Visitor: 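Here it is, the structure, as C-alpha cells.
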Amino acid sequence: MSDLSDRLERVRGRITDAAREAGRDTTGLTTIVVTKFQPASLVRELRALGVRDLGESRHQDARVKSAELADLDLVWHFVGQLQSKKARQVQAYCRVIHSVDRDSLIGALSAESGAREDDDGADAATEVFLQLDLDRSAGAADGRGGASIADVERMTELISSAPGVRLLGVMAVAPVDEEPRAAFSRLRSASERMVAVAPDATSISAGMSGDFREAILEGATHLRIGTAITGNRTAAR
Ligand SMILES: *Cc1c(COP(=O)(O)O)cnc(C)c1O
C-alpha cells in the first residue's frame, strides 16, 4: 500500500471506531478530504482510492485544481473564508460552501444560484452550511470567521428564504484553547436551534485531523480531514 492509501485506511478505521463508540452508523458520515496546498495529482490518487468529496479553502488554488480535474467525478466543498465578490466564481465549481457566516455573502450566493438554475433547468442550488464562531471570548478575532451563535435563528431564516440556496446545517472549527468536545457540544445545541427553525437542516460540519473523534461523538455528519490523510502540506507557504 502507498503511504496515502495507508493513511486513508487508518483514518477510515478511526472514523468507524468513533462511530461505534457514539452508537452511530458510518452511513451518516461524509468524509471530505481537505486538499489545500496539495497538488492535483494527489487528488487523482485519492479519487482512485474511492474519495469523491474534496475540500479547499483558497479560491485561487481551488479554481485551477478543479479545472485541471474536470474529467473526474468529484464534489468540491469550499471550507475557507469567502469574499462576497468571489462568491459567484466559487459557485461555478463548488457544490457545497461550508463558510457562510454573514448576510452579504448569503445575498451574493443567492442571486447567482438563481441565474445558474435558469441555465440548465436542473436543481442547481448551492448547498451551504452556516459557519458559527465557537470561541467563548466574544469578539475574539481568530481570523477563522463564523457568525455568533446568538444569530442562529435569524440567519437560519435568512438562508432558508434565499432562492437557489439550500441550507444543510451548521459548521464550525474548534477553538484552539478549549477541549474540542465541549466546543462541539455547543455546536450540537446550536444545530438543535437551527433544526427548530429549518427542520431539514440537520447536518453538522465539524471535525478535523486532530478532533474528528470528538466531533463524531457530538453528532458531526460532515468531517473535514486534511493532513491526517494527505500528509504534511507540500508547498512551502
Ligand atoms: C485546513 C482545514 C481543515 C483540515 O485541517 P487538518 O487539520 O489538516 O485536518 C478543515 N477545515 C477547515 C476549515 C480548514 O481550513
Side-chain angles (χ1 to χ4, degrees), residues 3-4 6-15 18 29-40 42-43 45-46 49 51-63 65-66 74-83 86-87 90 94-102 105 127-135 140-147 168-181 183-184 186-187 190-191 203-237:
D3 289 348
L4 184 66
D6 203 22
R7 284 190 299 263
L8 180 64
E9 277 320 303
R10 235 177 300 146
V11 168
R12 282 174 170 158
R14 288 167 59 199
I15 289 170
L29 297 173
T30 301
T31 301
I32 299 152
V33 181
V34 180
T35 52
K36 63 185 177 204
F37 310 126
Q38 300 290 347
L42 182 126
V43 179
E45 287 180 61
L46 286 167
L49 295 168
V51 173
R52 187 158 168 261
D53 291 277
L54 284 312
E56 287 283 333
S57 62
R58 292 158 57 107
H59 167 56
Q60 307 298 354
D61 299 338
R63 174 169 54 183
K65 220 180 284 183
S66 63
L74 300 171
V75 176
W76 292 98
H77 298 249
F78 197 81
V79 303
Q81 284 190 281
L82 178 56
Q83 291 174 271
K86 295 282 161 58
V90 169
C94 281
R95 183 190 298 178
V96 192
I97 298 179
H98 292 240
S99 46
V100 173
D101 63 356
R102 58 195 190 280
L105 189 50
E127 299 177 348
V128 305
F129 285 89
L130 172 62
Q131 183 177 354
L132 295 170
D133 182 0
L134 295 181
D135 210 309
D142 64 356
R144 293 181 120 159
L168 296 186
V170 292
M171 177 276 205
V173 175
V176 288
D177 61 350
E178 188 184 1
E179 202 283 306
R181 187 146 183 201
F184 291 142
R186 290 201 298 286
L187 184 62
S191 167
S203 295
I204 300 178
S205 168
M208 303 173 30
S209 291
D211 56 23
F212 65 81
R213 172 183 164 269
E214 289 80 2
I216 291 167
L217 292 174
E218 292 298 335
T221 59
H222 290 65
L223 315 170
R224 309 178 312 268
I225 303 179
T227 47
I229 293 171
T230 63
N232 285 324
R233 286 156 198 154
T234 50
R237 53 186 159 134

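Here the structure is a predicted model, which means the values were calculated and not measured. For ligands, and for the atoms within them, numbers begin at 1 and follow the listed sequence.
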Visitor: Give every residue pair that meets the salt bridge (charged side-chain N to carboxylate O under 4.0 Å, His left out) criterion with at least one member in residues 204-227, sequence neighbours excluded.
Guide: E21-R213, R181-E218, R188-E218

Visitor: Parallel, tilted or perpendicular, judged at 30° and 60°: which one describes the rings of H98 and F129?
Guide: parallel

Visitor: Might you point out which heavy atoms bring L54 and I32 nearest each other, and give the distance in Å?
Guide: C-CG2, 3.6 Å

Visitor: Would you mind listing which atoms of ligand 1 come within a distance below 4.0 Å of any non-hydrogen atom of I225?
Guide: 9 (O)

Visitor: Name all residues meeting the side chain to side chain contact (heavy atoms under 4.5 Å, CB included) criterion together with R63; count only those two or more places apart in sequence or in a different chain, and write none if there are none.
Guide: H59, Q60, Q89, Y93

Visitor: Would you mind finding which of R224, Q81, E56 brings a heavy atom closest to atom 10 (C) of ligand 1?
Guide: R224

Visitor: Need the ligand 1 atom indices (1-based, order shown) with element for anything under 4.0 Å from a heavy-atom of K36.
Guide: 1 (C), 2 (C), 3 (C), 14 (C), 15 (O)

Visitor: Roughly how far, to the nearest 0.5 Å, is CG of L223 from CE of M208?
Guide: 12.0 Å

Visitor: Considering only heavy atoms of T227, which atoms of ligand 1 have at least one such atom less than 4.0 Å away?
Guide: 6 (P), 7 (O), 8 (O), 9 (O)

Visitor: Where the closest heavy atom to atom 6 (P) of ligand 1 is concerned, which of A206, S99, S209 has it?
Guide: S209

Visitor: Please indicate whether any nitrogen or oxygen in G226 is less than 3.5 Å from any nitrogen or oxygen in ligand 1.
Guide: yes

